[in-house]
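What follows is a short report on a single structure.
Each ligand, and each atom within it, is numbered from 1 in the order the structure gives.
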Amino acid sequence: LKVRSPPELLEWHGRGTTSHFSEIVLGRCFTYTQLIRPELRDQDCRKILDAFKSAFLSKNPCNITKEDYQPLLKLDTQTIACNKTLFWSKLKDLVHQYTGVQQELVTLEDTLLGYMADRLTWCGDPSTSDLNYQSCPHWRNDCSNNPGSVFWKAISQKFAEAACGVVQVMLNGSLTEPFDKNSVFGSVEIFNLRPEKVHTVQVWVMQDIGKGPSDSCSGSSLNELKLIVNKRNMTFVCQNNYRPARFVQCVKNPEHPSCRSKI
Ligand code: N1C
């Protein structure tokens with residue numbers, strides 16, 4: 001028996017707020033601050049959840065701004081060591097499989113705010129103080145200044161501003177444009193690195209196993225990134241199919257020739 005309203009009655013084209021959003025965020029906050037990073041055990045998770053919800057509740061979900069999230073961002077005081085930041089674009093699963101093993105490297109989802117929000121959807125509505133579980137704005141079909149997109153841009157900017165030393169970037173070499181200037185990495189993170197603190201951008205371009213050999217590092221997409229990095233006075237280094245990450249891909253494909261040779 002269907003009890004959901006038909007799609008044409010939905011306000012927005014994107015998925016609604018994830019069921020049990022508040023409970024998930026609060027639970028993840030406690031998991032993170034009590035178990036994963038006990039040095040953060042004194043953080044007030046209820047206060048963090050309240051700041052998160054206040055950023056978007058009772059507001060038009062197409063008019064969210066970075067400023068709405070500032071009170072939440074201020075509560076996060078975590079620091080990340082130099083040389084440990086890992087950015088990525090269009091390759092989320094491999095990145096997290098890799099950092100699951102190489103736990104020294106930190107992606108945004110390994111920080112408190114990124115961990116709390118990972119894979120969730122959320123939005124409110126100006127006419128109520130409730131979450132909208134029916135639908136939320138789709139970034140392309142409705143509006144880009146929606147609660148989710150603005151959140152990721154705001155925390156990605158802060159994450160990039162805080163980076164120092166050499167930063168790592170994992171990109172998807174099976175795409176024609178591994179470097180997408182419209183992605184969060186290509187539009188927010190790369191331009192918010194501080195050249196006074198970041199001397200080198202080290203890129204790993206990973207291809208799907210089974211796709212023929214390619215040299216994305218010398219392609220035009222990576223050259224576009226190199227130009228941006230050099231113009232910002234940082235050193236650009238690029239490597240195709242970085243072996244430690246290739247080993248992770250090989251777990252599911254041990255018999256593939258590129259996995260059998262040279263181990
Ligand atoms: O747009 P992208 O990738 O280039 O964003 C990835 C880039 C990473 O380096 C992260 O630091 O930006 C950060 N980031 C996330 O960590 C993240 N987790 C989940 C950006 N976006 C993130 N999401 C959601 O996936 C969010 O909804 C955003 O729009 C997508 C980005 O995916 P992408 O295009 O593969």
Side-chain angles (χ1 to χ4, degrees), residues 12-18 21 24-25 28 32 52 55-56 61-62 64 66 69 72-73 76 78 80 83-100 102 105-123 135-164 166-194 198 201-208 216 221-222 224-225 228-229 242 245:
W12 307 109
H13 297 89
R15 246 180 305 164
T17 300
T18 309
F21 173 85
I24 293 172
V25 170
R28 284 179 173 179
Y32 192 89
F52 196 161
F56 65 91
C62 278
I64 303 298
K66 277 193 289 190
Y69 283 110
L72 173 64
L73 267 62
D76 175 24
Q78 200 173 357
I80 292 151
N83 312 315
K84 301 300 180 204
T85 301
L86 173 56
F87 300 105
W88 53 269
S89 192
K90 326 273 181 215
L91 211 101
K92 197 166 186 258
D93 292 343
L94 177 60
V95 169
H96 294 126
Q97 288 160 8
Y98 176 70
T99 54
Q102 180 42 280
L105 292 181
V106 179
T107 67
L108 191 50
E109 290 80 8
D110 300 310
T111 68
L112 174 60
L113 295 180
Y115 183 87
M116 290 189 332
D118 193 20
R119 289 168 294 156
L120 303 181
T121 303
W122 60 92
C123 68
S135 67
C136 289
H138 184 276
W139 71 272
R140 190 161 7 85
N141 301 333
D142 296 309
C143 55
S144 55
N145 290 333
N146 63 69
S149 300
V150 173
F151 170 86
W152 287 110
K153 281 191 187 169
I155 73 167
S156 297
Q157 176 178 342
K158 187 177 171 188
F159 186 55
E161 285 169 350
C164 48
V166 49
V167 300
Q168 323 291 335
V169 184
M170 206 183 278
L171 299 179
N172 189 339
S174 293
L175 301 174
T176 344
E177 293 208 334
F179 173 65
D180 171 5
K181 58 179 176 8
N182 297 314
S183 66
V184 173
F185 172 71
S187 65
V188 177
E189 290 174 333
I190 197 68
F191 292 104
N192 281 285
L193 295 174
R194 298 266 168 87
V198 175
V201 176
Q202 154 97 63
V203 181
W204 300 322
V205 190
M206 302 303 299
Q207 263 206 310
D208 294 344
S216 299
S221 177
L222 268 294
E224 190 181 356
L225 176 58
I228 294 171
V229 169
Y242 175 62

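Between the side chains of Gln78 and Tyr32, a donor-acceptor pair is found at a separation under 3.5 Å.
Between Val167 and the options Leu193, Asn83, Val203, a side chain to side chain contact (heavy atoms under 4.5 Å, CB included) holds for only Leu193. Evaluated for a side chain to side chain contact (heavy atoms under 4.5 Å, CB included) with Leu171, the options Trp204, Trp88, Phe185 yield exactly one hit, Phe185.
Within a 6.0 Å radius of NZ in Lys158, more than 12 heavy atoms belonging to other residues, nucleotides or ligands are found.
Contact annotation: the side chain of Ser89 never approaches that of Asn172 to less than 4.5 Å [non-hydrogen atoms, C-beta and beyond].
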Distances for all N or O pairs of ligand 1 and the protein under 3.5 Å?
{"residue": "ligand 1", "atom": "1 (O)", "partner": "Val184", "partner atom": "N", "Å": "2.7"}
{"residue": "ligand 1", "atom": "4 (O)", "partner": "Ser89", "partner atom": "OG", "Å": "2.7"}
{"residue": "ligand 1", "atom": "4 (O)", "partner": "Ser183", "partner atom": "OG", "Å": "3.4"}
{"residue": "ligand 1", "atom": "4 (O)", "partner": "Phe185", "partner atom": "N", "Å": "3.1"}
{"residue": "ligand 1", "atom": "9 (O)", "partner": "Trp88", "partner atom": "N", "Å": "2.9"}
{"residue": "ligand 1", "atom": "9 (O)", "partner": "Trp88", "partner atom": "O", "Å": "3.0"}
{"residue": "ligand 1", "atom": "9 (O)", "partner": "Glu189", "partner atom": "OE1", "Å": "2.7"}
{"residue": "ligand 1", "atom": "9 (O)", "partner": "Glu189", "partner atom": "OE2", "Å": "3.4"}
{"residue": "ligand 1", "atom": "11 (O)", "partner": "Glu189", "partner atom": "OE2", "Å": "2.5"}
{"residue": "ligand 1", "atom": "12 (O)", "partner": "Glu189", "partner atom": "OE1", "Å": "3.4"}
{"residue": "ligand 1", "atom": "12 (O)", "partner": "Glu189", "partner atom": "OE2", "Å": "3.3"}
{"residue": "ligand 1", "atom": "16 (O)", "partner": "Glu109", "partner atom": "OE2", "Å": "2.6"}
{"residue": "ligand 1", "atom": "18 (N)", "partner": "Glu109", "partner atom": "OE2", "Å": "2.5"}
{"residue": "ligand 1", "atom": "34 (O)", "partner": "Lys90", "partner atom": "NZ", "Å": "2.8"}
{"residue": "ligand 1", "atom": "35 (O)", "partner": "Lys90", "partner atom": "N", "Å": "2.9"}

Please tabulate, one pair per line, all N/O donor-acceptor pairs under 3.5 Å involving side-chain atoms of residues 149-156, not counting sequence neighbours.
{"residue": "Ser149", "atom": "OG", "partner": "Asn146", "partner atom": "OD1", "Å": "3.2"}
{"residue": "Ser149", "atom": "OG", "partner": "Asn146", "partner atom": "ND2", "Å": "3.1"}
{"residue": "Ser156", "atom": "OG", "partner": "Trp152", "partner atom": "O", "Å": "2.5"}

